[in-house]
Each structure stands twice: as structure tokens, then as C-alpha cells.
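See below for the structure under consideration.
Values reported hereafter were calculated over all heavy atoms of this structure, with side chains retained and with hydrogens, waters and symmetry mates removed.
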Amino acid sequence: MERLKKLNRYSATLTERRAQVGAQAMLYGIGLRDEDFEKAQVGIVSMGWEGNPCNMHLNELARHVKAGVVDAGLVGLIFHTIGVSDGMAMGTEGMKCSLPSRDIIADSIEAVMRAQWYDACVAVPGCDKNMPGALIAMARLNRPALMVYGGTIQPGSHCGRAVDIVTAFEAYGEYVAGRLSEEEMREVVRHACPGAGACGGMYTANTMAAAIETLGMSLPYSSSIPAAYPEKLRECYEAGRAIRNLLELDLKPRDIMTRAAFENAIVMVMALGGSTNAVLHLLAIAHAAEVALTVDDFQRISDKVPYIGDLKPSGRYVMEDLHKVGGVPAVQRLLLEAGLLDGTCMTVTGRTLAENVAGLPGLTPGQTVIRPLEQPIQARGHIQILRGNLAPEGAVAKITGKEGVRFRGPALVCNSEEEALAAVETGRVQPGHVVVIRYEGPKGGPGMREMLSITAAIMGAGLGASVALITDGRFSGGTHGFVVGHISPEAYVGGPLALVEDGDMILIDAEKRCLEVECDAGTLAGRRARWQPPRPKYTRGVLAKYARAVTSASRGCVTDE
């Protein structure tokens with residue numbers, strides 16, 4: 001590739017135009033010198049804030065990124081955007097702000113980058129929605145950019161066993177079921193989060209980090225280096241050299257985020273047993289990059305990719321364990337050798353995916369975190385796209401093989417997550433039930449909140465193998481059990497889920513990819529004639545605006561159509 005000599009093509013609007021004296025005066029005011037006015041300016045966006053282990057260390061990481069950017073001969077300018085803690089908001093009305101935060105993050109990054117005329121962007125995210133928010137903005141802007149993941153948390157320890165945030169949620173279910181005392185539950189809670197970093201299993205944050213590294217938008221090992229490891233600080237510093245290289249090559253996000261690259265990212269999600277939220281987020285990022293991607297692409301890829309990552313929540317290990325045996329690049333190498341990844345895709349190193357891993361070690365011999373491809377946990381991916389009279393536009397099931405592939409049972413209908421949790425706490429949820437949680441979709445919630453509190457309570461109460469749960473909401477990456485989410489169209493807009501009544505027989509068949517309520521068309525038509533949409537829960541403010549703008553989950557819940 002031919003290298004550019006003028007790297008400040010955007011910031012020159014402010015630094016070189018004679019009429020922009022106000023901007024220039026302010027740039028002198030922040031400490032720039034005459035020689036800095038010819039340098040490219042890099043916006044370094046930190047999602048750092050003190051209220052969450054996932055984000056508490058990100059401002060420090062951003063300072064290390066800035067040091068690397070400055071040493072690479074560029075101007076680095078740190079700015080900030082919001083974060084919302086999924087783990088802390090879980091089970092409350094606050095969780096409704098989680099998915100909307102993705103779009104607020106994207107909008108705010110785009111707004112600052114455009115207003116300040118920055119030439120390139122380095123994003124430093126931690127928690128779940130931070131990452132897709134950053135990538136959506138990068139795709140819209142299409143200026144040289146890369147992501148530095150804040151890194152995974154290390155597991156806590158209690159009574160000789162590793163514990164994490166999901167252990168804490170499930171401890172509550174054990175307490176409700178009388179299997180743990182309150183003090184035993186509190187001890188698990190005290191030890192679950194020992195320091196900085198995103199939730200440690202193959203939950204949504206680590207899923208998205210691994211997907212984005214495989215998409216090509218972060219440096220090798222970014223997704224698996226734990227937050228507290230010295231290597232994370234080195235990665236931050238190296239981002240400076242990498243972003244200069246991208247500027248010189250004029251290599252932009254849409255050059256990297258191609259259709260083939262998105263397929264690579266989906267392959268990694270399937271291989272590692274990643275979060276169902278990856279479906280929403282990759283659809284939204286692809287929409288921003290103007291790449292055609294649908295839920296059917298996830299099914300097609302799931303059918304050909306074996307599930308090999310023995311990682312929590314369904315498996316035994318956490319992201320730190322994967323890092324110790326070779327990290328995501330070692331898994332990429334395994335999948336490349338099997339012909340499951342397209343190695344020709346370009347990445348933010350300026351090299352292809354295959355070139356990135358060619359000189360790197362593979363998985364440690366004898367390791368058990370990643371199964372051999374010929375001895376998978378499951379011969380196909382765990383994410384299945386279901387359709388039927390309950391989900392004409394599709395639904396997303398997480399089937400790891402441990403739950404079975406078929407469930408049939410009577411519906412227990414709940415019109416909110418709180419109602420469902422109360423049903424578990426009071427013993428209304430019994431073995432054999434299909435718990436239906438509706439009016440929790442992107443418009444109906446609004447915000448399509450995650451359901452880890454209820455799924456963890458079901459698991460902790462010992463009902464995980466005998467109860468299914470279906471919803472137009474979504475699930476945390478920490479969820480496991482027989483669950484189906486993202487049911488589209490959602491109940492709030494008149495989707496068939498709104499017509500289900502207690503006792504209706506529900507069939508979930510992952511083999512046939514079917515989600516059905518066993519009612520004849522005439523019965524459903526009669527119910528539809530009587531159905532009235534519920535009143536909106538919010539009429540002003542951020543959630544009201546989100547409800548008006550957001551599209552269906554089957555399209556990624558985008559807000560800019």
C-alpha cells in the first residue's frame with residue numbers, strides 16, 4: 001500500500017485554515033505548540049467511570065494510549081462517553097437503559113469526532129454496550145480507528161472454588177430455594193468481583209471483544225489479555241504506533257469490516273459459545289458499515305461451526321484461562337487451519353488475519369479450555385434462529401447441548417421480568433413450565449433489558465433442566481438453560497407473543513428450529529381481535545425517544561433508519 005504523507009486531512013480544517021482563529025486560539029490554550037498544528041489529531045475515547053469494575057480502570061488505560069499516540073508523532077486528545085453497568089442494573093428498571101446506551105455511545109463518539117475534526121479514533125471500552133457503540137461510530141465515520149478492550153476481570157475465590165458475577169446471581173436462586181443461607185449467599189457476593197475488568201466468562205463483553213478482534217478491529221490478544229495484566233498497558237501504548245500506521249495506509253474501518261470479516265466474527269462467536277447479544281450487536285455494526293447481514297447468516301454459520309469453547313456460563317473456564325493457553329489468536333489459528341475463517345481479511349495491524357497469526361503460537365498442548373474440532377462440545381453452533389407462529393421474524397435460542405434440543409410445556413405468562421421473578425420466589429414456576437416474559441422488547445420495555453436475574457434464579461432454584469423461558473427481551477451473556485429471546489415481532493407491537501395465555505402448550509424445537517404455540521389460527525385470530533396494546537411506560541426522556549426510534553430485534557435494534 002502507498003503511504004500517505006499528509007495525515008491531518010480532517011484536523012487541518014481547524015489547524016490550517018486562516019479563518020479558524022478561534023479554534024487555533026483554543027488549541028494553543030490546551031497546550032499545543034506550533035509544530036503540533038501539522039500533526040494528525042487522534043480522538044481517544046474512554047468509557048471510564050468509577051462505578052463499575054468493567055470501567056473503573058479505563059481512564060488510566062486511555063492515558064497509556066495517549067502516551068503511545070504522542071510518541072508516534074501524533075496529537076492525542078482524550079474525551080469521554082457514558083457507560084451503563086449491566087451487572088448492577090440487572091433485574092431493575094435501570095436495565096432498560098443498557099441497550100439504549102449503545103446508541104448514545106455511538107452518537108456521542110460520532111458527534112465529538114465530527115465536531116472536533118479528529119483524524120482518527122482509538123476507543124477504550126469495557127462493559128458490554130461500550131464495544132458495539134464504539135464500532136458503530138467507527139463504521140459511520142469511516143476514519144482510521146481501532147479498539148483497545150479494557151480486558152476481562154480475574155475470577156474471585158470462595159471456599160476453594162472460582163466465583164464470578166454469575167455465581168453471585170445464581171447464589172440468590174439457591175437462597176430462595178433454601179439451599180444456601182443468607183450469610184453463605186453474602187460470602188459469595190463479597191468474593192465474586194475481586195478487581196477491575198469485565199465479567200470473566202464468555203459473557204457479552206468477552207464475546208464482543210473476541211468477535212471484534214476477529215472482525216479485525218483490535219490488535220492481536222486484545223480480547224483475552226486480562227485487565228490487570230501488564231500486557232494490557234503495553235497494548236495501550238502500542239495502539240499509538242498502530243493508529244499512525246492506519247493513518248499512513250489510509251486504512252479505514254469499512255476497508256476492514258467487510259462481509260467476510262463479519263462472517264469471521266460470527267464463526268468465533270459460535271466456536272467459543274458466545275452471548276446471544278452478539279446477534280443484536282453484529283447486526284447493528286454491519287448496518288452502520290452498510291454491510292448486508294441478517295439473522296439467517298447466523299444460522300447458516302452456526303450449522304457449519306462446531307462449539308468448542310468450554311467456557312462459562314455453560315462450561316468450566318473463564319477468559320483468563322483462555323489467555324493462558326494461547327488466547328483468541330490461538331483459536332483463530334485453529335479455525336484458519338480448519339478452513340473456517342477467511343484469512344485474507346484485513347485488520348488494524350495493516351496485515352491480514354492469516355498474517356497476524358502466522359508467527360504466533362497455537363494452543364498450549366494438552367490444554368482443555370478449547371476442545372479439538374473433531375471432539376467438540378456440540379457439532380454445530382449453540383446459537384439457533386427459530387421461527388414459527390410465535391416468531392415470524394425469528395427468535396434467538398442458546399442451545400449448548402446440555403439442555404436438550406426440544407421442550408414442550410404449558411405457558412406461564414408474565415407481563416414483566418419482575419412478575420416472572422416473583423413467580424419463581426413464590427413457587428408458581430414448576431417443572432415443565434415454559435415461562436413467557438413479554439412486553440420487554442425494544443419498544444415495549446422499552447430497552448429490551450437482559451434477563452440474567454430471572455434465569456439465574458431459575459438455575460439457582462434447581463429448575464434449569466426442567467423449565468424453559470421465552471421472551472421478546474434478551475439475555476445476559478451469563479445466561480444458561482433452555483432459553484429463547486429476541487422474539488420478533490415483539491408483543492408490544494402486536495407480535496403473536498401478546499396472544500399467549502396461561503396453559504397454552506408451547507413447543508420449542510431446536511432441531512427443526514421451530515417456536516410454536518399450539519393454538520389454531522381461529523383461536524389466535526379471536527384473541528387478536530380482543531387485544532389492546534398496553535400504554536407506553538415512558539412518554540418523555542431517553543427511553544421514550546428510544547422506543548419511538550428503535551427497530552425490531554431481528555434487525556439489530558438500530559435507531560437510525
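Gln367 places a side-chain N or O within 3.5 Å of a backbone atom of Ile370 that can act as its donor or acceptor partner. In this structure a side-chain-to-backbone donor-acceptor pair under 3.5 Å is present from Ser488 to His486. Proximity of a side-chain donor or acceptor of Gln430 to a complementary backbone N or O of Gly427 within less than 3.5 Å is detected. Panel note: side chain Gln384, backbone Gly381; a donor-acceptor pair is recorded below 3.5 Å. At least one donor-acceptor pair closer than 3.5 Å links the side chain of Asn206 to the backbone N or O of Gly200. Listed for the Arg408 side chain is no donor-acceptor partner under 3.5 Å among the backbone atoms of Leu507. Of the possible polar contacts, one joining the Thr167 side chain to the Asp164 backbone as a donor-acceptor pair under 3.5 Å is found. For the pair Arg474 (side chain) and Gly485 (backbone), a donor-acceptor distance under 3.5 Å is absent. Counting only distance, with no hydrogens or angles, the side chain of Thr523 and the backbone of Cys519 share no donor-acceptor pair below 3.5 Å. Panel note: side chain Asn55, backbone Gly83; no donor-acceptor pair is recorded below 3.5 Å.
Between Glu393 and Arg555 no salt bridge is recorded (no basic side-chain N to carboxylate O distance below 4.0 Å). The pair Asp509-Arg406 meets the salt-bridge criterion, with a side-chain N (NZ, NE, NH1 or NH2) lying under 4.0 Å from an Asp/Glu carboxylate O. Taking the charged nitrogens against the carboxylate oxygens, Arg140 and Asp107 do have a contact shorter than 4.0 Å, which makes a salt bridge. Between Asp504 and Arg527, at least one side-chain nitrogen of the basic residue sits less than 4.0 Å from a carboxylate oxygen of the acidic one, meeting the salt-bridge criterion. Using a cut-off of 4.0 Å between Lys/Arg side-chain N and Asp/Glu carboxylate O, Arg259 and Asp297 are scored as salt-bridged. Under the 4.0 Å criterion applied to side-chain N and carboxylate O atoms, Glu263 and Arg300 are assigned as salt-bridge partners. Between Arg449 and Glu418, at least one side-chain N (NZ, or NE/NH1/NH2) sits under 4.0 Å from a carboxylate O, which counts as a salt bridge. Using a 4.0 Å cut-off between charged nitrogen and carboxylate oxygen, Lys129 and Asp86 count as a salt-bridge pair. Between Lys312 and Glu170, none of the side-chain N atoms (NZ, or NE/NH1/NH2) sits under 4.0 Å from a carboxylate O, so this pair counts as no salt bridge.
When the shell of 6.0 Å around CZ of Arg186 is examined, it contains 12 or fewer heavy atoms from other residues, nucleotides or ligands. Within 6.0 Å of CD in Glu50 there are 12 or fewer heavy atoms belonging to other residues, nucleotides or ligands. Within 6.0 Å of the NZ atom in Lys537, the count of heavy atoms belonging to other residues, nucleotides or ligands exceeds 12.
Side-chain atoms of Thr368 and Tyr317 include a donor-acceptor pair closer than 3.5 Å. For the residue pair Glu490/Ser552, the side-chain donor-acceptor check at 3.5 Å is not satisfied. No donor-acceptor contact under 3.5 angstrom links the side chains of Tyr203 and Asn277, judged on distance only. Glu419 and Tyr439 form no side-chain donor-acceptor contact under 3.5 Å, judged by distance and modelled atom types alone. Between the side chains of Ser302 and Gln299, no donor-acceptor pair is found at a separation under 3.5 Å. A donor and an acceptor atom, one from each side chain of Asp560 and His287, are located under 3.5 Å apart. There is no side-chain donor-acceptor pair under 3.5 Å between Thr214 and Asn264. Using modelled atom types and a 3.5 Å distance limit, the side chains of Thr204 and Ser275 yield a donor-acceptor pair.
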Evaluate Phe475 against Glu450 for side-chain contact (heavy atoms from CB on, under 4.5 Å), listing each step before the verdict. CA-CA 4 Å; Phe475 298 108; Glu450 293 176 355; 5.8 Å; no

| Evaluation steps, side-chain contact (heavy atoms from CB on, under 4.5 Å), between Ile109 and Met47 | CA-CA 10 Å; Ile109 294 172; Met47 285 73 158; 4.0 Å; yes

Q | Evaluation steps, side-chain contact (heavy atoms from CB on, under 4.5 Å), between Ser314 and Tyr307 | A | CA-CA 11 Å; Ser314 298; Tyr307 167 30; 3.9 Å; yes

Worked check of side-chain contact (heavy atoms from CB on, under 4.5 Å) between Tyr546 and Val542:
CA-CA 6 Å; Tyr546 185 79; Val542 64; 5.5 Å; no

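Proximity of Met147 to Tyr149: side-chain heavy atoms (C-beta onward) are separated by under 4.5 Å at one or more points. Looking at Ile165 and Cys193, their side chains come closer than 4.5 Å, going by heavy atoms from C-beta outward. For the pair Met448 and Leu280, the minimum side-chain heavy-atom distance is below 4.5 Å. Side-chain contact between Leu334 and Ile308 is present, with heavy atoms from C-beta onward closer than 4.5 Å. You'll find the side chain of Pro442 stays beyond 4.5 Å of the side chain of Thr551, heavy atoms only.
To the nearest 0.5 Å, atom CZ of residue Arg513 and atom CD1 of residue Ile399 are 12.5 Å apart. For the atom pair Met268 CE and Ile212 CD1, the distance stands at 13.0 Å (nearest 0.5 Å). From Lys324, atom NZ reaches atom OG of Ser224 across 12.5 Å, with rounding to the nearest 0.5 Å.
Residues satisfying the side-chain hydrogen bond (donor to acceptor under 3.5 Å, both in side chains) criterion with Arg387, sequence neighbours excluded, are Asp296.
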